[in-house]
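Worksheet for the structure shown next.
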Amino acid sequence: MRYWLMKSEPDCFSISDLRKSPGRASMWDGVRNYQVRNMLRDDFKKGDLAFFYHSSCPEPGIVGVMEVMCPGYPDPTAFMPGHEHHDPKSLPDQPRWYTVDVKFKREFDLVSLDEIRRHPPLEEMLILRRGNRLSITPVTPREWEYILALRS
DNA sequence: GCCAACGTTGGC
DNA sequence: GCCAACGTTGGC
């Protein structure tokens with residue numbers, strides 16, 4: 001089982017939106033980056049845990065935890081003409097994009113990007129890498145436990 | 001809104 | 001396969 005950090009713009013989909021979703025679960029659709037696609041397709045397993053990260057907002061940072069409900073599967077929104085995530089190059093028999101279902105676990109006080117930067121044990125986190133633009137990144141067990149300990 | 005740091009596209 | 005142009009991400 002693995003740990004992840006998954007970014008979303010709260011204006012688009014926030015942790016409150018996830019908490020208020022039916023069954024407190026939602027499809028994490030719309031990933032259109034090949035590196036991230038590969039992680040969703042090959043590495044995501046049921047039972048994995050992920051930090052929910054708010055990006056492109058006044059206070060970027062980690063706001064909670066969610067659980068991965070299933071392995072990656074083809075992103076149906078890519079097949080939907082007119083959908084904002086539609087990709088005509090992704091075909092049902094040759095899917096280009098993948099998604100997973102995630103479920104709300106807990107929400108805590110923001111662990112801001114600034115706070116993450118101030119903790120040496122977290123300095124290797126991919127989120128701090130210059131120019132990092134992946135919307136999903138792996139988190140090491142050590143980083144995972146360290147961050148949880150900040151809010152427990 | 002700015003802009004650095006990417007990833008993608010497409011002509012050659 | 002190269003690379004310029006373009007688009008996107010995301011912190012600030």
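Order of the sequence lines fixes the chain letters, A, B, ..., with proteins taken first and strands second; residue numbering starts at 1 for each chain. This structure is a prediction, so every number in the text was calculated from the model and none was measured.
Using a 4.5 Å heavy-atom cutoff, the side chains of A/M6 and A/M66 are in contact. Using a 4.5 Å cut-off on side-chain heavy atoms (C-beta onward), A/L49 and A/V68 make no contact. Within the 4.5 Å cutoff, no side-chain heavy atoms of A/L5 are placed close to those of A/I136. Taking 4.5 Å as the limit, every side-chain heavy atom of A/W4 sits out of range of all side-chain heavy atoms of A/L40.
The strand DNA chain B forms stems, runs of 3 or more Watson-Crick or G-U wobble pairs with distances below 3.5 Å, at B:1-12 with C:1-12.
If you look at A/F79 and A/W97, their ring centroids are not closer than 6.0 Å.
Within residues 26-35 of chain A, the residues having any heavy atom under 4.0 Å from DNA chain B are, by residue number, A/Y34, A/Q35. Using a 4.0 Å cut-off on heavy atoms, none of the residues of residues 116-129 of chain A approach DNA chain B.
Residue pairs that meet the side chain to side chain donor-acceptor pair (under 3.5 Å) test with at least one member in residues 57-75 of chain A, sequence neighbours left out, are A/R32-A/D75, A/Y73-A/D101, A/D75-A/T77.
Under a hydrophobic-cluster definition in which Ile, Leu, Val, Met, Phe, Trp and Tyr are linked whenever side-chain heavy atoms come within less than 4.5 Å, directly or via other members, A/L150 and A/I15 are assigned to different clusters. The hydrophobic clustering, which links ILVMFWY residues whose side-chain heavy atoms are closer than 4.5 Å, places A/W144 and A/L134 apart. Under the 4.5 Å side-chain heavy-atom criterion for Ile, Leu, Val, Met, Phe, Trp and Tyr, A/V65 and A/L18 are members of distinct hydrophobic clusters.
The closest donor-acceptor contact from the side chain of A/D48 to the backbone of A/K45 lies under 3.5 Å.
Atom SG in A/C70 sits 8.0 Å away from atom NZ in A/K46 (nearest 0.5 Å).
Of all nucleotides in DNA chain C, those with any atom nearer than 4.0 Å to a heavy atom of chain A start and finish, going 5' to 3', at C/dG7 to C/dC12.
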Enumerate donor-acceptor pairs with a distance under 3.5 Å from any side-chain N or O in residues 102-110 of chain A to protein atoms, sequence neighbours excluded.
from: A/R106; atom 1: NH2; to: A/R151; atom 2: O; distance (Å): 3.0
from: A/E107; atom 1: OE1; to: A/R19; atom 2: NE; distance (Å): 3.0
from: A/E107; atom 1: OE1; to: A/R19; atom 2: NH2; distance (Å): 3.4

